[in-house]
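We number each residue from 1, following the sequence as shown.
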Amino acid sequence: MMKRPSQAGLLRSRGNSDSGKVSFIELFFDLIFVFAVTQLSHSFLEEMSMHGAVQLVLLTMAVWWVWIFTAWVINWLNPETLPVRLMLIGLMLLGLILSASIPEAFESRGLYFAAAYVLFQVGRTAFAIGMIHKGLQELRVNFVRILLWMCVSGIFWITGAFAEDSYRLALWAVALLVEYAAPSLGFWVPLLGRTPTSVWDVEGSHMAERCGLFIIIALGESILLMGVTFAESAWTLPTAAAFAAAFIVTVALWWIYFDATSKTGHHLIAHSADPGRLARSAYTYTHLLLVAGIILTAVAGELLLAHPLEHPGPIAAAMMLGGPALFLLGNALFMKVAAGVIPSPYITGAAALLLLFIFAGYVSALLLAALAAAALILVSVWGHIFSERLCRMPSSASVKPREASAFKGEI
């Protein structure tokens, strides 16, 4: 009979030099989401329309939500223990089913997608309740509240799987609305009340690194799609130039996030007096915009390589400019929520990209991509200077409760 792990061994340590270290099982678990992001971009490429865009938004929100909630759970539980490892492996199987169902989620495989999603969310939360078997009563009750919210949203997921067309879309949108509203409401439940963010005593370094790794997953899909498309194209000078432009755009997105946003966020959450509040508002919500922006940019790269010298159509131009603009707006919102500042490099960069849309119908896709790449390079340089100044400010050394003005933009 397997001995039940002690409470101390089951929980992730706090305050040690390796407390924020990401384990190999977590990296193994992330491989499922490499596949999921690939499925999202490929499914949108097959139906590039407003209807397809709405479906992409909904499915991207669902994929991000199962991943970020798992990141929260593993921020508390120790992934080096056997029960937690087995739980993550079980979730990987469900994640494979969920990811494989994405292209047909609104058609023949809706029930597979919904069932895998609900089992993923409900099963993981129930596991956490079972593992926190003594002590930390507030945290255990928090998971009970989460489980109840997931069960409510699960009703809409499963019901939507049996509906068709717009009814399925509407029911699944309601399910996501329920889930996305829950953290901001403290998972309030009648009789049980709500969970204060002080109970969410997260290991800030781990949360920051986990979210950064998901950004790497999304950027990796961009590299993969770019490489496959280039390999299958005729290697002409325009195609090579388009490949270079798409690569520069991807590198610029990486640079903007990891040289400025990620570094600033890691600094702030590691010194925050209420890391749970910062993790909820800055990481759980705003990073969805970053991921969505990268996925759209990856799709734009494929379109650019396919027709570099043609004038981009409205949808292609929207992908080429809107994807990076959405990414910059996500970075801006993160900085506003985390540091209480309005980051002028990101706001200006997003505005410049959107202004380029005016000229999209008069220039080639290659020239438009080159202009977008130039704008992103300037933003990355400006953002580095902005971030360095922000991290040197005395007020950013520690986020205290009395500095409530820093959270005026909180979601």
Original post:
To the nearest 0.5 Å, how far apart are CG in Asn75 and CZ in Arg210?
Top reply: 10.0 Å
Subject >> CG-CG distance between Leu368 and Leu321, expressed to the nearest 0.5 angstrom >> reply: 4.5 Å
Original post:
What about the rings of Trp64 and Phe214, do their centers lie closer together than 6.0 Å?
Top reply: yes
Original post:
Can Gln55 and Trp172 be said to form a side-chain hydrogen bond (donor to acceptor under 3.5 Å, both in side chains), step by step?
Top reply: CA-CA 10 Å; Gln55 292 181 351; Trp172 283 3; over 6 Å; no
Original post:
Only one of Phe187, Trp149, Trp76 forms a ring-ring contact (aromatic ring centres under 6.0 Å, His included) with Phe143, so which one is it?
Top reply: Trp76
Original post:
How long is the gap from OH on Tyr285 to CD1 on Ile68, to the nearest 0.5 Å?
Top reply: 11.0 Å
Original post:
With a 4.5 Å heavy-atom cut-off, do Ile32 and Trp67 have their side chains touching?
Top reply: no
Subject >> Contact check, side chains of Leu91 and Arg124, non-hydrogen atoms, under 4.5 Å >> reply: yes
**OP:** Considering non-hydrogen atoms only, spot the tightest contact between Pro343 and Met335 and give its length.
**Re:** CG-CB, 3.7 Å
**OP:** Could you check whether the rings of Phe33 and Phe120 sit parallel, tilted or perpendicular, using 30° and 60° as the cut-offs?
**Re:** perpendicular
Subject >> Side chain Lys263, main chain Asp259, donor-acceptor under 3.5 Å >> reply: yes
Original post:
Would a distance-only check, ignoring hydrogens and angles, find a side-chain to backbone donor-acceptor pair under 3.5 Å from Thr348 to Pro345?
Top reply: no
Original post:
So, the side chain of Arg140 versus the backbone of Ile129: is there a donor-acceptor pair under 3.5 Å, distance only?
Top reply: yes
**OP:** Please report the shortest heavy-atom distance between Met319 and Pro324, naming the atom on each side.
**Re:** O-CD, 3.8 Å
Subject >> Close side-chain approach of Leu296 and Leu56, heavy atoms under 4.5 Å >> reply: yes
Subject >> Criterion ring pair (Phe, Tyr, Trp, His ring centres under 6.0 Å) on Phe334 and Tyr283, from CA distance to verdict >> reply: CA-CA 8 Å; Phe334 178 90; Tyr283 286 95; 5.1 Å; yes
**OP:** Compare every heavy atom of Pro83 with every heavy atom of Phe127, then report the nearest pair and how far apart it is.
**Re:** CZ-O, 3.4 Å
**OP:** Please test His206 against Glu26 for side-chain hydrogen bond (donor to acceptor under 3.5 Å, both in side chains), starting from the C-alpha separation and ending with a verdict.
**Re:** CA-CA 11 Å; His206 177 262; Glu26 291 175 89; 2.8 Å; yes
**OP:** Evaluate the ring planes of Phe247 and Phe243, with Trp represented by its six-membered ring, and classify them as parallel (under 30°), tilted (30 to 60°) or perpendicular (over 60°).
**Re:** parallel
Subject >> His384 vs Ser380 side-chain heavy atoms within contact, under 4.5 Å >> reply: no
Original post:
So how far is it from Thr297 OG1 to Met226 CE, rounded to the nearest 0.5 Å?
Top reply: 10.0 Å
**OP:** Indicate, with yes or no, if the rings of Tyr257 and His287 have centres closer together than 6.0 Å.
**Re:** yes
Original post:
Do the side chains of Leu27 and Leu213 get nearer than 4.5 Å, heavy atoms only?
Top reply: yes
**OP:** Could you walk me through whether Ile358 and Leu355 pass side chain to side chain contact (heavy atoms under 4.5 Å, CB included), step by step?
**Re:** CA-CA 6 Å; Ile358 299 174; Leu355 283 174; 4.2 Å; yes
Original post:
Within the distance-only criterion (no hydrogens, no angle test), does the side chain of Ser222 pair as donor or acceptor with the backbone N or O of Ala218 below 3.5 angstrom?
Top reply: no
Original post:
Counting only heavy atoms not in Ile342, do more than 12 sit closer than 6.0 Å to its CD1 atom?
Top reply: no
**OP:** Of all the heavy-atom pairs spanning Ser184 and Arg194, show the shortest one and how long it is.
**Re:** O-NH2, 3.6 Å
Subject >> Any donor-acceptor pair under 3.5 Å from Arg277 side chain to Trp200 backbone >> reply: no
Original post:
Sub-3.5 Å donor-acceptor pair from the side chain of His311 to the main-chain atoms of Val363, do we have one?
Top reply: yes
**OP:** State the CD1-NZ distance between Ile347 and Lys336, to the nearest 0.5 angstrom.
**Re:** 10.5 Å
Original post:
Considering the options Leu98, Leu59, Ile102, which one meets the side chain to side chain contact (heavy atoms under 4.5 Å, CB included) requirement together with Gln39?
Top reply: Ile102
Original post:
Between Lys21 and Glu209, does at least one N-O distance fall below 4.0 Å, as a salt bridge requires?
Top reply: no
Original post:
Taking atom CH2 of Trp255 as the centre, does the number of heavy atoms from other residues, nucleotides or ligands within less than 6.0 Å exceed 12?
Top reply: no
Subject >> Phe28, CZ: over 12 other non-hydrogen atoms inside 6.0 angstrom >> reply: no
**OP:** Could you tell me whether a side-chain N or O of Thr239 sits under 3.5 Å from a main-chain N or O of Ala234, the two making a donor and an acceptor?
**Re:** yes
Subject >> Side-chain heavy atoms of Leu58 within contact of Phe106, under 4.5 Å >> reply: yes
**OP:** Could you please spell out the steps behind the side chain to side chain contact (heavy atoms under 4.5 Å, CB included) verdict for Leu328 and Leu376?
**Re:** CA-CA 9 Å; Leu328 291 179; Leu376 290 171; 4.0 Å; yes
Subject >> Neighbour count above 12 (heavy atom, 6.0 Å) for Tyr112 OH >> reply: no
Original post:
Can you list the steps and then say if Glu179 with Phe69 is a side chain to side chain contact (heavy atoms under 4.5 Å, CB included)?
Top reply: CA-CA 11 Å; Glu179 293 188 29; Phe69 264 52; 6.0 Å; no
Original post:
Donor-acceptor pair, Ser281 side chain versus Leu278 backbone, under 3.5 Å?
Top reply: no
Original post:
Below 6.0 angstrom between ring centroids: does that apply to Tyr117 and Trp65?
Top reply: no
Original post:
Does the side chain of Val84 reach to within under 4.5 Å of the side chain of Met87, using non-hydrogen atoms?
Top reply: yes
Subject >> Atom pair OG1 (Thr70) and CG (Leu88), whose distance is rounded to the nearest 0.5 Å >> reply: 7.5 Å
Subject >> Minimum heavy-atom distance Ala373-Ala245, with the two atoms named >> reply: CB-O, 4.3 Å
**OP:** Before giving the answer on side-chain hydrogen bond (donor to acceptor under 3.5 Å, both in side chains), spell out for Glu310 and Ser364 the whole-Å C-alpha distance, their side-chain angles and the decisive distance to 0.1 Å.
**Re:** CA-CA 5 Å; Glu310 296 181 11; Ser364 67; over 6 Å; no
**OP:** Walk me through it: do Leu333 and Tyr346 pass the test side chain to side chain contact (heavy atoms under 4.5 Å, CB included)?
**Re:** CA-CA 9 Å; Leu333 185 57; Tyr346 304 146; over 6 Å; no
Original post:
Is the backbone of Gly193 close enough, under 3.5 Å, to the side chain of Arg145 for a donor and an acceptor to pair up by distance?
Top reply: yes
Original post:
If every non-hydrogen atom of Ala369 is compared with every non-hydrogen atom of Leu304, which pair is closest and at what distance?
Top reply: CB-CD2, 3.6 Å
**OP:** Would you confirm whether Thr284, through its side chain, and Ala279, through its main-chain N or O, come within 3.5 Å as a donor-acceptor pair?
**Re:** yes
**OP:** Please examine the side chains of Leu225 and His42, heavy atoms only from C-beta on, and report whether any two atoms are closer than 4.5 Å.
**Re:** yes
**OP:** Classify the side-chain pair Glu221/Ser41 by whether it contains a donor and acceptor separated by less than 3.5 Å.
**Re:** yes
